[in-house]
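Chain naming here is simple, since letters A, B, ... match the order of the sequence lines and numbering starts at 1 in each. Quick note: numbers below take in every heavy atom, side chains included, and nothing from hydrogens, waters or symmetry partners.
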There are 2 protein chains.
Amino acid sequence: MTSDDSSRAATLNDVAARARVSAATASKALNGRSDVAAATRTRVLAAAEELGFTPNAVARGLTAGRTSTVGLLTSDLDGRFVLPILMGAEDAFGAGRIDVFLCDARGDAVREQHHLRALLSRRVDGIIVVGDRTDPRPSLGQAIPAPVVYAYAPSDDPRDLSLTPDNVEGGRAAIRHLLTCGRRRVAHIGGDPSYAAARDRVLGAELELQDAGLSFVAPPMLGEWSEHWGRAAARLLFDRHPDIDAVFCGSDQIARGVLDAARDLGRDVPREVSVIGFDNWVVLADNAQPRLTTVGADFESLGRAAAQHLFRAFDDNAAESGVIHTPVQLFVRESTIPVS
Amino acid sequence: MTSDDSSRAATLNDVAARARVSAATASKALNGRSDVAAATRTRVLAAAEELGFTPNAVARGLTAGRTSTVGLLTSDLDGRFVLPILMGAEDAFGAGRIDVFLCDARGDAVREQHHLRALLSRRVDGIIVVGDRTDPRPSLGQAIPAPVVYAYAPSDDPRDLSLTPDNVEGGRAAIRHLLTCGRRRVAHIGGDPSYAAARDRVLGAELELQDAGLSFVAPPMLGEWSEHWGRAAARLLFDRHPDIDAVFCGSDQIARGVLDAARDLGRDVPREVSVIGFDNWVVLADNAQPRLTTVGADFESLGRAAAQHLFRAFDDNAAESGVIHTPVQLFVRESTIPVS
DNA sequence: CTGTTAGCGCATTCAA
DNA sequence: TTGAATGCGCTAACAG
């Protein structure tokens, strides 16, 4: 543990004194304003350097009105979404220019209110709200004195701006890939049907099949977001429909379960049956055997987009609104292969 | 997206004016100071309520000298450690009383310096540095005008205070459990030997075996932190040493690979062979088949401890130092079982 | 009990 | 080009 070495941090006045100028001049010099003599500037910069001067962002925030600070209010307990989003946002803001308060409400509305108050009292310039599912979540309301963007979980108020991955398109993309590989007898094993994500993915898949004049060879099986469910459902599926040649899974976890079951039953993936997942959860997808083809949202660019929208709201006072569906992407690995 | 409804946030002066008192009195009333008349207080509180007054923490921070914020400087890319640590810290601080700046340096020293400057310019009251491996990392130095605690990755400077999980004890605990289950012919498949974590876990295991008058039946196999490695190593191991009755794995990922290999080779886990992992990475451990017994650190309490040490440093000016090894815990699931 | 005064550290007038 | 004065919003010290 480290503590104060000098009695107290150097202030602008200290720098000014040492450079034998006024605080005002020192301020201008340090902030690169033009109306200051070159010689003076060097002197001030030298003084600042020697004193290890760090401008006090708190004081600056007081006058400037903006604090160069944003709040990230999350209820994403395990951080699969919030961390990439945070990194994307940091990126877009430019590292170090803006700092991010990360607050975890843990799915508790009261705690969320507490954190919100705290963020507002700290005069954050904007807030990004990150939910842990794509179902609409309660709006923070319109009475917030800072721009707000909802990420992953959209707000239930259309006046808010929300960014959420396009799961319907994701479902389409998955099916499109399977069809491209020459598969025709496709089944679906998905997650908890109380999740919009589970339903949207099936919907997209059904639409894409329909466009090709096809449909699922078995009714979609929705259950829970776990490997266990994937295994159990796959066993049933392979038993009842031995002729399926592809399984579209609602998540990578489920797909891992399906791969397991297929191996137990002696079904060759990807030759006999292709398996595709969803999420691109790399630890899971990359370590599967065979490595898992999957569709996934790019959370970093989602974070970047959220940050850019906040920026826009800082500058223009244009309040955008509505739900924006962000693109998803196909990651081809070895669990799908063209029929040979 | 939401924007200003009223022209600007209400200030203490607005409240004071509305309550027909001075700003000082309003301040006292709002902060629950005793020297203010009950009637006045109610009037002030009412005014504040009506105006939707939110105290400006920035201004407060300017005078108070403390900002009630802390910085969490991390290089833990995927957040397995940093998020639980953050939650533990939030917990210890009391939700909303203190807010946390989360900065991701992405393993880049330059970016880390940038973030550090930014945090200091925001006058955070303390800093928690979270690394992504337990090898000592470069100290931020002693010249930092705020208390610093290193979590997970210890500082290489003994004058700093570091909290890091006790991997040696973890290795011991794993072996102790296997021995308790009646296993005697134990092997080890571990992670990347360039990691202190990999080496410490083996070390602990060897010590515990030694205490029981035993040793590994095969030289420990260290490779990488992946399921693939676990699978490959296990195949080799089962082939060369068909008589082993337990495998201690350096991580849950590796253990997953070992379970896979065992199943492929027709070895019954846990009856014939017990398998124990490390990390208690719940998504992996809980979805394994059978569910995976494992040893793991409790990162939330690590975060709590870090926060408490910062607290102590705020109050006393006592600068603690040294490396504290935090406890690890055994999580028994179904991949280990007493010999019957 | 209440109000006046002063100052936290900085940036922005506006004079000089 | 420089500096003196002013204020951001709040709290602490003191006087009334």
Side-chain angles (χ1 to χ4, degrees), chain A residues 6-45 47-48 51-69 117-118 120-125 145, chain B residues 6-45 47-48 51-69 117-118 120-125 145:
Chain A
S6 64
S7 46
R8 112 203 121 72
T11 150
L12 182 62
N13 274 311
D14 301 335
V15 175
R18 183 171 245 267
R20 322 193 118 266
V21 295
S22 73
T25 306
S27 170
K28 291 170 198 159
L30 289 169
N31 291 314
R33 305 272 307 249
S34 58
D35 46 356
V36 57
T40 318
R41 164 159 297 135
T42 15
R43 203 144 36 87
V44 171
L45 290 176
L51 292 170
F53 170 69
T54 317
N56 185 330
V58 179
R60 186 176 286 175
L62 188 56
T63 16
R66 25 193 327 284
T67 52
S68 301
T69 276
R117 306 282 279 205
L120 292 179
S121 83
R122 298 205 187 285
R123 298 296 187 266
V124 294
D125 294 335
Chain B
S6 64
S7 46
R8 116 202 118 72
T11 147
L12 182 63
N13 274 311
D14 301 337
V15 175
R18 184 170 242 268
R20 321 191 119 267
V21 295
S22 73
T25 305
S27 170
K28 290 172 199 157
L30 289 169
N31 292 313
R33 304 273 305 251
S34 59
D35 45 357
V36 57
T40 318
R41 165 162 296 137
T42 17
R43 205 142 36 89
V44 172
L45 290 176
L51 292 170
F53 170 70
T54 317
N56 185 329
V58 179
R60 188 176 284 174
L62 188 56
T63 11
R66 25 195 329 284
T67 52
S68 301
T69 60
R117 304 284 275 210
L120 292 178
S121 82
R122 299 204 187 286
R123 298 297 188 265
V124 294
D125 295 335

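- For the side chain to side chain donor-acceptor pair (under 3.5 Å) test, no residue two or more places apart in sequence or in another chain qualifies with N56(A).
- The side chain to side chain contact (heavy atoms under 4.5 Å, CB included) check on S22(A) picks up A24(A), T25(A), with sequence neighbours excluded.
- For R20(A), the salt bridge (charged side-chain N to carboxylate O under 4.0 Å, His left out) test picks out no residue, with sequence neighbours left out.
- Residue contacts for V21(A): at a heavy-atom cut-off of 4.0 Å it reaches the sugar-phosphate backbone alone, with no base atom in range.
- For S121(B), the side chain to side chain contact (heavy atoms under 4.5 Å, CB included) partners two or more places apart in sequence, or in a different chain, are T54(A), A57(A).
- Taking the screw axis at each terminus of the helix from dC1(C)-dG16(D) to dA16(C)-dT1(D) from five consecutive base pairs, the angle between the two is 50° to within rounding of 10 degrees.
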| Using a cut-off of 4.0 Å between protein heavy atoms and nucleotide atoms, how would you tag nucleotides 6-16 of chain C 5' to 3' with B, S and -? | -BBBSBB----

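- Between V58(B) and T67(B), every side-chain heavy-atom pair lies at or beyond the 4.5 Å cut-off.
- A search for side chain to side chain contact (heavy atoms under 4.5 Å, CB included) contacts involving A47(B) returns V15(B), R18(B), A19(B), not counting sequence neighbours.
- The salt bridge (charged side-chain N to carboxylate O under 4.0 Å, His left out) test applied to R33(B) returns no partner, not counting sequence neighbours.
- In terms of the side chain to side chain donor-acceptor pair (under 3.5 Å) criterion, residue partners of S27(B) (sequence neighbours excluded) are, by chain and number, N31(B).
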